[in-house]
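Notes for the one structure printed next.
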Amino acid sequence: MGGVGRAAARVAGAGWLVALLLAAWEVYARIWPSVFFPPLSEVLGNFSRMWLSADASSLFTSDLLREQAGTSLGRFAMGWLLAVVVGVTLGMLLGRSPVASRMYNPTVRFFTAVPNTMLLPIAVQIFGITSRMNVFLIFLGTVWVIIINTADGVAGVDEMWLRSARSLRLSRWTLYRSVVIPAAMPRIMTGLRVSLGIGLILMIISELYATTVGLGFQIVVAEKSFLYVDMWSAFVLVGLIGIVLNSIFTLVERRVLRWQRRSSLSDL
Amino acid sequence: MDLVVDDISKTYGQGAAARVAVTSASLTVGAQQLVSIVGPSGCGKSTLLMIMAGLLKPSSGRVALGERRVDGPPVGLSVVFQDYSRSLFPWMTVRRNLTMAAAAYRLPKAELKNRVEQALTSVGLPASGDLYPWQMSGGMQQRVAIARALVVEPTVMLMDEPFAAVDAQTRADLEDLVLRVRDEYKVTIAFVTHDIDEAVYLADRVVVMAAGPGRILEEIAIDLPKPRDQVETKLDPNFAALRSEVFRLVMRPGTTQKIS
Amino acid sequence: MTRDGKLGGAMLALLGTASLLTAWQLIISFGLVPEASIPTPWSVAQALPALLTDRDFLNGALDTVTSWAVTVAIGSSAAVVIGLVTSSVPFLRRPTAVVVDTFRSVPATALIPIGVVFFGLGSQMKISIALYAIFWPILINTVYGVASTEPMRLDAARSMRWPWWRRQVFVILPSAIPSILTGIRIATGVSLIVIISTELLGARNGVGTVLVQYTQALRPDVVYAGVLLLGMAGALLFGLLVQGERRLVRWASVG
């Protein structure tokens, strides 16, 4: 068996259960037909009509896909990346300063506990129905969990490492770059992973609630127009985007945490 | 009942990656004997013990307890593992740990209760039943592990480097504890260790193993007087002689010369 | 911490919170944002008593909490059982991991319009969507927990001749409990987010439904007071969960 064959066998060995569940969708929808629940094949056919094109120059995507997904992902990227920068910075400050952490810990814990979709009416009130509203919500909903995990990670750096770093007379900057940040990295990545999931949830809900463009809007428009096959193909697109973003994150995480021996689910 | 190991081999992996852990090992542990199995790391002594316990399938050969072939953990055989902190159940109290050890034996309630209390008394922890293992010191935890093995009143007890993780004084106490419960419970014991003093001090017979591939090198009868005593026995010139003999076998298996 | 240290900590916490409240007030006083869209801290505080005696709000809160409790109860028991079973069948482990990785990446809120089509605007819709959202994190944590079972403990159980089911119940499940509780803690947050999302989008009852009504009635002070209450309730719930967790798995932190 060649390398390609072996890789294919590996994928089949790992992915058959997903395939089985998708097949169950198809079979169920064929046996008990319902306008609400079209068979997978029908959804996929519609998916390619809606979202794909024959044009290689645009990577086979349709204009609609680029416009809608581009808008959604643009909002997501702005809100989330802003949250990452602000969250990691504030988390570092709180993690290294006991006084600051005592002062602001209650606030951070409070905002982590607020079910952050609750902020949606507030965001709409402040920004109206604009993309700034979506960005603001995604930012405000994800920044706290990043702050908490960064602060915990930085505060939890092994005192022995700090001591040995000091005995090497490292400069403050080097100390941070080569000891504190790497040591806190696993926790920081945990925070980022959780925030990624929350960010996507908020991206969609904010578009379902009030917008005129975006992936969430596509789902809700199809629903309101009784175009259930369209609704499902928009949902599948959102799902695929979620899967791709999470996979990219997993790759980055593995690369960043290379040094850490870790049993991830995919090692099982 | 005798525990008979007959021509056991164990190979891990297959083909080019195959690694021989133990090859054609045979030994017999007679009823109420204490046999120490000693050897350098990687000689397969723990593998051999796990095969004797029925926890690991041999690649060839057979183990028998009395008349019956061992092909799974047999009735009346208990194991004391190397690392108490990883073999006791930390979510159960000491008493529950002991009670559950006999769960498969379907004993009457009163009888089970008696046995649990008796086992705790035998290991010197009569009042510790309500503690959790993690509230105890390492030595105490290993006593609990021994008590847990005793609850089923085993005919055979297998001990896998049980005292590797405790300090020297505690270790001496625990060694004497093993000798005491051996007499009290009339139990046959196979005791794996890498400590030569310990092997000689405890045993009626020492089985020396060598590495690469793991195999039995030699069996040495230990005819030191009983009861053993941490000071008296170790002052005995015979002890010194046996000790050096085992030492030579373990450390320089190629150049062995019998001294006696 | 000493008594003095605790007092000092409380003082600092008060100081920090006060500084943020002042900043909030200043932003409005200097007209950085219009007061129509952000109420002052004081007016929010004034809205609290009204909200706490508002029957609609209290009924909505009760409905939200009930949906949440039902979701977490059903979701965790299903996910734990399925996690234990798939973990004990070697050829299911990797495929399950792939299924979990796939489905948990789908943002649950995208299911809300679909849920509305299927179940209408009642509790059934809320609970079904929230179940989807929490099932995967609990399942993944169960599988992690099972995988972290100490092999020597399993050997010990086997040497005591425990049958399969007894090893599952008395060794593997307890070993997985700390990880399962982490999963349930995550699920608590996620299910509240999803349930309130469904309420914002038109579910018939719930705290989100009531606050949307206040938004439409242009009462931002009440909406902010509601968020404040929910945040405090959430923080309280979270604290209780952590406490309970610590008590339940005292052994895990030590051994």
Side-chain angles (χ1 to χ4, degrees), chain A residues 13-18 21 36-37 99-100 102-107 109-122 124-126 194 197-198 200-205 208-209 215-216 219-220 222-224 228 231-232 234-235 238-239 242-247 250 263 265-266 268, chain C residues 8-9 12-13 15-17 19-20 33 37-38 92-102 104-114 116-118 133 140 143-144 147-148 186 189-190 192-197 200-201 208 211-212 215 220 223-224 226-227 230-232 234-235 237-238:
Chain A
W16 61 265
L17 196 53
V18 176
L21 289 173
F36 300 147
F37 194 48
V99 174
R102 288 226 187 116
M103 281 173 78
Y104 295 110
N105 221 337
T107 311
R109 304 268 160 198
F110 169 79
F111 275 103
T112 324
V114 175
N116 35 36
T117 41
M118 210 53 254
L119 304 168
L120 189 46
I122 293 175
V124 173
Q125 202 131 41
I126 300 178
V194 175
I198 295 177
L200 286 173
I201 282 183
L202 293 176
M203 171 185 96
I204 296 298
I205 181 74
L208 293 176
Y209 185 71
L215 294 168
I219 299 181
V220 82
E223 185 226 343
K224 295 265 154 69
Y228 297 122
M231 174 182 84
W232 277 100
F235 170 76
V238 170
I243 292 167
V244 168
L245 286 180
N246 272 292
S247 311
T250 305
S263 59
L265 207 59
S266 34
L268 291 180
Chain C
L12 282 175
L15 205 67
T17 312
S19 73
L20 291 176
V33 282
S37 58
I38 298 189
L92 278 180
R93 279 179 211 154
R94 272 205 40 90
T96 308
V98 177
V99 168
V100 173
D101 269 339
T102 307
R104 75 166 168 161
S105 303
V106 179
T109 38
L111 272 170
I112 295 177
I114 295 174
V116 171
V117 166
F118 271 84
I140 207 174
V143 173
Y144 264 127
S148 72
I186 296 171
V190 173
L192 274 179
I193 291 178
V194 172
I195 288 171
I196 291 179
S197 297
L200 295 179
L201 287 179
L211 290 185
V212 169
T215 312
V223 178
Y224 274 71
V227 172
L230 280 176
M232 291 195 292
L237 182 68
F238 199 77

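Reminder, nothing fancy here: chain letters follow the sequence lines and each chain counts from 1. Predicted, not measured: the structure shown is a model, and the values here were computed from it.
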Using side-chain heavy atoms (C-beta onward) and a distance below 4.5 Å, is [X] in contact with [Y]?
| X | Y | value |
| --- | --- | --- |
| C:F238 | A:T112 | no |
| A:V18 | C:P95 | no |
| A:P121 | C:L200 | yes |
| A:I219 | A:V238 | yes |

Between [X] and chain A, which part of the residue has a heavy atom less than 4.5 Å away: side chain, backbone, both or neither?
| X | value |
| --- | --- |
| C:S148 | neither |
| C:L111 | both |
| C:L211 | side chain |
| C:V227 | both |

Contact origin within [X] toward chain C - heavy atom pairs under 4.5 Å:
| X | result |
| --- | --- |
| A:L215 | neither |
| A:F36 | both |
| A:L21 | side chain |
| A:N116 | both |

Mind ranking [options] by heavy-atom pairs under 4.5 Å with chain C and telling me who comes out on top?
| options | result |
| --- | --- |
| A:Y228, A:F110, A:W16, A:F111 | A:F110 |
| A:T117, A:V194, A:V220 | A:T117 |
| A:I198, A:V124, A:L200 | A:L200 |

Problem - Trace of the side-chain hydrogen bond (donor to acceptor under 3.5 Å, both in side chains) decision for A:Y104 with C:S19 - result: CA-CA 9 Å; A:Y104 295 110; C:S19 73; 2.9 Å; yes
Determine the option with the most heavy-atom pairs under 4.5 angstrom with chain A, choosing from [options].
| options | answer |
| --- | --- |
| C:G208, C:A110, C:A133, C:G189 | C:A110 |
| C:T109, C:V190, C:L230 | C:T109 |
| C:G226, C:G234, C:P113 | C:P113 |

Practice task
Sequence neighbours left out, what passes ring pair (Phe, Tyr, Trp, His ring centres under 6.0 Å) with C:F118? Give chain and number order.
Solution key: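 Expected list: A:F37.
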Exercise for the section: Ignoring hydrogens and angles, tell me if any N or O in the side chain of C:S105 forms a donor-acceptor pair with the backbone of A:N246 under 3.5 Å. Expected result: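 Not a single qualifying donor-acceptor pair exists.
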Practice task
Show your reasoning for whether side chain to side chain contact (heavy atoms under 4.5 Å, CB included) applies to C:T96 and A:L17.
Solution key: CA-CA 7 Å; C:T96 308; A:L17 196 53; 4.1 Å; yes
Problem - Residues forming a side chain to side chain contact (heavy atoms under 4.5 Å, CB included) with C:L201, sequence neighbours excluded - result: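 Side chain to side chain contact (heavy atoms under 4.5 Å, CB included) list for C:L201, sorted by chain: A:I205, A:L208, A:Y209, C:I112.
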